[in-house]
Amino acid sequence: MDSQLFVRDLLAWYETDKRDLPWRKDADPYRVWVSEVMLQQTRVDTVIPYFERFMDLFPTVAALANASEGDVVKAWEGLGYYSRVRNLQQAVREVSERYNGIVPDSFEAMTSLRGVGPYTAGAVLSIAYGKPLAAVDGNVLRVISRLHKIEEDIAKPATKKQVEAYVSRIVPHDQASAFNQALMELGALVCTARTPRCESCPVARHCVARAAGCQARLPVKAAKKPARREHYAVLLLRRQDGSLAVLQRPDKGLLRGLWQLPMVAVEDAVASPDEIRQQVQGCLADYGIAESLEVGGVYTHAFTHLHWTLRVVRTDLLDGATGGDWIFSDAMDRAQMTFGRIFQIILQQWASDPESRPERKGGEQLALFHD
DNA sequence: AAATCGGGGCC
DNA sequence: GGCCCAGATTT
């Protein structure tokens with residue numbers, strides 16, 4: 001195929017059909033960088049409101065470098081992959097100190113920064129500085145695998161390297177920004193994962209998979225193993241002054257450093273209230289808590305590699321009660337803390353009506369069966 | 001090379 | 001319920 005013609009057709013389409021996105025208003029390296037980190041494994045529609053808010057709060061390298069980590073993570077709350085924002089702030093602080101606040105313009109300097117891998121470095125440097133580098137994300141892998149009918153597993157590093165090498169060869173040196181964004185835009189709008197819109201594709205005439213009629217089964221990707229399952233009772237422990245027990249997760253691993261409600265592992269979170277009450281009571285006895293436990297609804301929360309089934313359990317404590325690693329906080333405190341999404345959901349429901357019996361998420365009747 | 005790390009939207 | 005998303009880091 002003629003790569004020159006492909007590039008020309010792609011760029012012509014991008015000029016007329018590109019979306020108007022907040023981070024495309026200018027090419028400020030810092031804004032581009034923040035957008036690229038937010039967009040890692042995250043859809044455009046999800047990112048937009050977070051991006052606007054984040055740029056209002058931390059409009060410059062200096063603003064983010066000087067902010068407290070707590071405020072920065074709070075601004076990220078709900079976006080997921082929280083190490084992204086901790087790494088981003090660490091990297092921005094390094095830019096502030098070592099590079100006088102100027103985002104470096106070399107691939108080596110960029111990739112040496114925390115949280116900046118080959119994709120993000122290529123994207124920031126091409127979009128903000130016009131450097132003719134590849135920026136291969138999931139969209140580009142899919143587009144190129146179809147374009148060239150690549151049948152190897154795109155999850156393999158070797159396949160990604162092959163695609164990076166190809167894109168590096170064809171990226172036009174005077175339009176690297178538009179070209180890289182055009183490849184991704186095509187993947188997001190036309191060459192989508194399911195049912196690609198080949199009829200309206202501006203580069204369909206260059207596509208080998210399309211010619212062979214196999215575009216729907218590309219790219220090839222190995223199946224991943226099923227997520228681990230864990231069951232917990234989530235505790236709403238309320239003191240008479242209205243405060244609630246919360247605790248901070250360990251400084252490593254899942255949701256590290258974020259706040260959560262106390263949880264105790266149970267055999268089966270969908271078991272009968274009596275069964276749940278018995279198991280939870282056994283754990284809380286260590287803290288001298290023997291009040292009556294009210295067993296509420298079931299929540300499920302899916303992480304990429306982990307699936308939680310949760311059962312809400314509520315009780316009132318005597319003032320002065322302490323236990324475990326938890327502290328008692330009021331609504332004002334909690335507004336400053338960063339919680340994992342599932343705890344936000346449970347807490348919001350609690351805040352809206354602390355007296356209500358927590359219902360099953362979605363309001364369906366509680367089903368007493370294993371998942 | 002494989003596992004870890006979030007959450008939402010779509011089918 | 002599984003899959004995918006403007007991936008990077010750790011093991």
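Small disclaimer: the values here were computed from a predicted structure and weren't measured.
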- Side chain of A:Thr42, base of B:dG6: donor and acceptor closer than 3.5 Å? yes
- Message: If the cut-off is 4.0 Å, is A:His305 near the phosphate of B:dT4, judged by side-chain N/O to OP1 or OP2?
- Response: no
- Query: Which value, in whole Å, describes the distance between the C1' atoms of nucleotides C:dC4 and B:dC5?
  - Reply: 16 Å
- Note on the structure: Walking DNA chain C from its 5' end, the first of A:Pro219 and A:Gly117 to be reached, judged by nearest nucleotide, is A:Pro219
- Heavy atoms under 4.0 Å, any strand shown: does A:Gly187 hit a base, just sugar-phosphate, or nothing? nothing
- Toward the 5' end of DNA chain C, by each residue's nearest nucleotide, A:Thr304 or A:Arg194: A:Arg194
- Phosphate oxygens OP1/OP2 of C:dG1: is one of them under 4.0 Å from a side-chain N or O of A:Arg229? yes
- Query: If you look at every strand shown and take non-hydrogen atoms under 4.0 Å, does A:Arg114 touch a base, only sugar-phosphate, or nothing?
  - Reply: sugar-phosphate
- With a cut-off of under 6.0 Å to the ring centre and 45° to the axis, is A:Arg53 in cation-pi contact with A:Tyr50? yes
- Task: Answer with yes or no whether A:Arg43 presents, from its side chain, a donor or acceptor under 3.5 Å of a partner atom in the base of C:dC4.
- Result: yes
- Does A:Arg43 pair with A:Asp45 as a salt bridge, N-O distance under 4.0 Å? no
- Task: Report yes if a side-chain nitrogen or oxygen of A:Tyr81 is closer than 4.0 Å to either non-bridging phosphate oxygen (OP1 or OP2) of C:dT9; otherwise report no.
- Result: no
- B:dG6 OP1/OP2 closer than 4.0 Å to side-chain N/O of A:His301: no
- A:Lys156 near the nucleic acid: base, sugar-phosphate alone, or nothing, with a heavy-atom cut-off under 4.0 Å? nothing
- Looking at every strand, decide which applies to A:Ile154 at a 4.0 Å heavy-atom threshold: base, sugar-phosphate, or nothing. nothing
- Task: Sticking with atom P, work out how far C:dA6 lies from B:dC11, rounded to a whole angstrom.
- Result: 15 Å
- Under 6.0 Å from the CD atom of A:Gln4, do we count more than 12 heavy atoms belonging to anything else shown? no
- Query: Is A:Lys149 salt-bridged to A:Glu151, cutoff N-O under 4.0 Å?
  - Reply: yes
- Are A:Arg311 and A:Glu275 close enough for a salt bridge, meaning some N to O gap below 4.0 Å? no
- Query: Can you check whether A:Gln41 has a side-chain N or O nearer than 4.0 Å to OP1 or OP2 of C:dG7?
  - Reply: yes
- Any N/O donor-acceptor pair, A:Thr46 side-chain to B:dG8 base, under 3.5 Å: no
- Item | P spacing across the pair C:dT11 / B:dG6, given as an integer number of angstrom | 15 Å
- Query: For A:Arg228 and A:Gly340, take the nucleotide of DNA chain B holding the closest heavy atom to each; which residue's nucleotide lies nearer the 5' end?
  - Reply: A:Arg228
- Message: Please tell me if A:Arg341 has a side-chain N or O lying less than 4.0 Å from either OP1 or OP2 of B:dG8.
- Response: yes
- Message: Considering every strand and a 4.0 Å limit on heavy-atom distances, what is the contact class for A:Val44: base, sugar-phosphate, or nothing?
- Response: base
